Amino acid sequence: MNPHNPNQTFPSAPPGIPFPMLTPKQEPRDETIQEIQYPNLENLPNQNLNLNLSLNLDFVSQALEQPTTTTAGAGTVDAARMAEIFRRSFTEGLQRQIQNNDAVDENPNANARAIVPVSASESNYNNAPPAGEVVNVRKHKELVRMTDVGLPDQRQFRDVVRRTRMVYDSVRVLAMAEEEGNFNVRRVRSDLKASATMRSRGLWLNRDKRIVGAIPGICIGDVFLYRMELCVVGLHGQPQAGIDYLPGSMSSNGEPIATSVIVSGGYEDDVDEGDVIIYSGHGGQDKNSRQVFHQKLEGGNLAMERSMHYGIEVRVIRGVRYEGTSSTSGKVYVYDGLYRIIECWFDVGKSGFGVFKFKLWRIDGQAKMGSLILKEAFLLRRDPLCYKPMCVISLDISKGMERVGIRLFNDIDRCNDPMCFEYLPRATFPHFVFHESGNATGCQCEGFCGEGCFCFIKNGNDFPYSQSGLLLKGKPVIFECGPSCSCPPHCRNRVTQKGLKHRLEVFRSRETGWGVRSLDLIQAGAFICEYTGVVLTREQSEIMTMSGDSLIYPNRFSNRWTEWGNLSLIQDGYVPPSYPSIPPLDFSLDVSRMRNVACYISHSSTPNVMVQFVLYDHNNLMFPHIMLFAMENIPPLREFSLDYGVADDELTGKLVICN
DNA sequence: GACGGTTCAAGCGT
DNA sequence: CACGCTTGAACCGT
């Protein structure tokens with residue numbers, strides 16, 4: 001539990017699993033039929049621009065010494081010509097700037113002029129416009145680098161980013177839910193719809209300034225399910241293109257500057273070794289992503305070269321295949337931190353066409369790469385004992401009581417406390433709860449629950465979950481279909497009662513004592529687990545408190561559900577639906593003897609997990625189940641955190657409960 | 001089901 | 001302002 005870490009906690013994911021070496025396929029070239037089309041070199045400008053371009057011609061010739069040269073056939077490549085192509089591409093880019101009357105500055109310190117450092121207080125990052133106002137729809141041109149972001153600001157930024165992503169997800173999931181009835185119509189792209197809605201409301205982040213370097217509030221390892229989401233938070237501004245940059249026409253010295261790149265393996269000549277990337281420039285491809293032309297040093301390619309020249313770092317986002325993402329095409333985007341471009345050359349790609357290549361080095365001293373953590377989690381899912389098997393105390397502390405096993409992992413000390421408790425997969429309520437709640441009334445639906453369903457009406461004429469089981473809107477309490485309903489077990493209104501879906505792990509951490517994380521990526525809005533224990537009435541609680549046992553008070557959890565699915569920023573005059581008020585909860589959970597995985601979750605005031613009360617097996621509003629949902633996409637192996645609603649100085653007491 | 005092709009996208013730079 | 005470009009995503013057919 002670390003209340004001073006705004007970014008939740010970065011659990012120490014197991015180190016030492018080597019990053020897979022993704023070497024390019026070494027296919028033998030057929031040198032005799034290689035045909036290379038050259039751009040027309042006749043119109044090369046003859047005047048010597050004499051710009052001292054700091055062209056490193058060494059790597060040009062190095063590239064040319066590769067076995068791309070052939071000795072036979074019509075397409076003989078010679079080094080001089082390739083160098084000429086390179087030089088030509090380069091001068092074209094510069095000439096364009098000269099025509100624009102932009103000064104070409106050769107002082108590498110121009111970096112200092114091109115980029116204005118901005119401190120957190122100067123940024124108007126926090127000023128969300130009032131609902132309905134359309135503002136700042138286009139990107140701004142000023143290039144800045146965020147500096148001196150203090151801890152309170154970081155926490156603030158993190159919160160703004162989290163809320164923004166929550167709105168994005170809410171709108172997206174609701175858009176998807178609206179479309180569910182239409183089978184004949186082509187489905188609306190919910191990812192695009194959500195971003196468009198937010199853009200028209202001025203809810204995209206970081207559009208007043210173009211940020212080079214880290215984006216405040218976004219941590220290395222954060223996972224995004226859609227390209228558009230990257231645009232919404234300002235991490236990468238291009239919906240499709242891989243290089244985002246400030247165009248020369250807008251920069252202060254007339255030169256384009258790259259800000260971020262997405263590495264997703266779309267170019268055959270890319271090489272990704274984790275800390276070192278050989279990134280291909282863009283262009284030269286046909287509609288089927290085949291390389292059919294030479295690339296030119298313009299647009300993003302030129303921006304990359306200029307960024308290298310000035311030593312300006314770029315953000316790297318990796319597109320990674322991820323099995324099991326329900327709604328997406330099986331790809332997620334992970335922010336992997338800042339890289340420096342250290343080399344740039346013009347090479348002949350596998351296709352035989354000229355390709356710009358950029359060598360990127362990851363800057364030292366950053367948090368562990370998100371894509372590496374994804375890889376490790378993948379290996380752990382495949383073989384739970386593949387890393388430090390001696391530290392795996394148990395493969396399932398629930399001893400088969402949950403649908404999936406819960407690992408217990410400790411590579412810090414010899415403590416194995418979680419083994420000493422009886423595992424309780426569901427909260428146990430006093431018997432009177434079931435009797436005093438009147439007749440448990442269920443719905444009469446057959447096959448599936450639809451509009452007329454009684455449970456649907458009880459939830460305020462809403463289904464609480466999307467078709468894929470994501471929480472749509474936080475409510476004081478949610479009514480799931482239960483044992484007295486006639487609908488089948490696979491009914492969409494039965495989510496939490498089915499129990500755990502993700503492979504969780506209780507792990508030992510130096511910062512938080514025990515913590516909980518998942519081996520799976522958990523989507524925002526997904527159910528995680530119940531917070532169980534033995535339910536005690538107030539009278540029983542008072543007695544137990546005197547005997548010094550560990551009690552959890554459900555009414556203390558902060559009401560984060562109010563934020564989830566709240567569309568007040570999107571819909572003009574949006575009023576949160578008026579829910580039937582529920583009486584203040586007056587019970588406690590005794591976790592001193594029987595507990596489940598939930599009580600090892602750490603506290604944070606910027607949590608990634610929230611509480612939603614749910615009823616299904618009885619109708620007593622005073623005693624709902626305490627269900628935990630993901631408030632954001634939680635990457636694998638990142639520690640869960642929950643706002644216990646305690647002041648920081650009470651934390652020591654909270655730690656006692658969890659340890 | 002895994003693919004590859006097709007279609008419809010959206011923002012941005014020019 | 002319209003157009004062209006782009007390492008998307010859903011859908012359809014094989």
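Not measured: the values here are computed from a predicted model.
At a non-hydrogen distance threshold of 4.0 Å, nothing from residues 277-284 of chain A comes into contact with DNA chain B.
To the nearest angstrom, C1' of dG13(B) lies 11 Å from CG of L246(A). The nearest whole Å value for the distance from the CG atom in L230(A) to the P atom in dG11(B) is 14 Å. Rounded to an integer number of Å, the gap from NE2 of H236(A) to C1' of dC12(B) is 11 Å. In this structure, CZ of R199(A) is placed 10 Å from P of dA10(B), rounded to the nearest angstrom. Taking atom CG of L225(A) as the reference point, atom C1' of dG8(C) lies 14 Å away to the nearest angstrom. If you measure from atom CG of N301(A) to atom C1' of dT6(C), you get 12 Å, rounded to the nearest angstrom. Computed from coordinates, the I317(A) CD1 to dT6(C) P distance equals 19 Å when rounded to whole Å. Distance, Q240(A) CD to dC12(B) C1': 11 Å, rounded to whole Å.
When each of S190(A) and I243(A) is assigned the nucleotide of DNA chain C with its nearest heavy atom, I243(A) is the one assigned upstream, toward the 5' end. For A196(A) and P247(A), each mapped to the nucleotide of DNA chain B holding its nearest heavy atom, the one lying further toward the 5' end belongs to A196(A).
Atom CZ of R199(A) is separated from atom CG of L192(A) by 12.0 Å, given to the nearest 0.5 angstrom.
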Fill in the dot-bracket string of DNA chain C, one character per base: . for unpaired, | for a pair to another strand, ( ) or [ ] for pairs within the strand, taking Watson-Crick or G-U pairs under 3.5 Å. .|||||.|||||||
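Close to dG11(B), at under 4.0 Å from its OP1 or OP2, lies no side-chain N or O of S195(A). For the OP1/OP2 pair of dA2(B) and a distance below 4.0 Å, the side-chain nitrogens and oxygens of R321(A) include no atom meeting the criterion. For the OP1/OP2 pair of dA9(C) and a distance below 4.0 Å, the side-chain nitrogens and oxygens of R172(A) include no atom meeting the criterion. Phosphate proximity of dG11(B) to Y245(A): absent, as no side-chain N or O sits under 4.0 Å from OP1 or OP2. Dashed line: the shortest gap from a side-chain N or O of R207(A) to OP1 or OP2 of dC12(B) is under 4.0 Å. Side-chain nitrogen and oxygen atoms of R227(A) include none within less than 4.0 Å of the OP1 or OP2 phosphate oxygen of dA9(C).
I262(A) comes within contact range of at least one nucleobase, with a heavy-atom separation under 4.0 Å. No contact: D244(A) has no heavy atom under 4.0 Å from any strand.
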Quick one, E632(A) with R165(A), criterion salt bridge (Lys or Arg N to Asp or Glu O under 4.0 Å). Give me CA distance, side-chain angles, the key distance, then yes/no. CA-CA 8 Å; E632(A) 56 188 42; R165(A) 297 183 66 187; over 6 Å; no
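R340(A) pairs by the salt bridge (charged side-chain N to carboxylate O under 4.0 Å, His left out) definition with nothing, not counting sequence neighbours. Residues meeting the salt bridge (charged side-chain N to carboxylate O under 4.0 Å, His left out) test with R494(A), sequence neighbours left out: none. Under the side chain to side chain contact (heavy atoms under 4.5 Å, CB included) criterion, V495(A) pairs with Y465(A), E480(A), F527(A), not counting sequence neighbours. Listed by chain and number, the residues in a salt bridge (charged side-chain N to carboxylate O under 4.0 Å, His left out) with D244(A) are K139(A) (sequence neighbours excluded).
Taking the side chain of A241(A) as heavy atoms from C-beta on, and the options dG13(B), dG11(B), dT6(C), the nearest nucleotide is dT6(C). Side chain of R210(A), nearest nucleotide from dA10(C), dA10(B), dG13(B): dG13(B). Of all nucleotides listed (dG8(C), dG13(B), dG11(B)), dG8(C) comes nearest to the side chain of R189(A).
None of I317(A), L230(A), L235(A) except one satisfies the side chain to side chain contact (heavy atoms under 4.5 Å, CB included) rule with S260(A); the exception is I317(A).
D270(A) contributes no side-chain N or O that, together with a main-chain N or O of V263(A), makes up a donor-acceptor pair within less than 3.5 Å. Between the side chain of D336(A) and the main chain of M369(A), no donor-acceptor pair closer than 3.5 Å is present. Without hydrogens or angle criteria, R315(A) side chain to L338(A) main chain gives no donor-acceptor distance under 3.5 Å.
Ring planes of H282(A) and Y245(A): perpendicular class, angle over 60° (limits at 30 and 60°).
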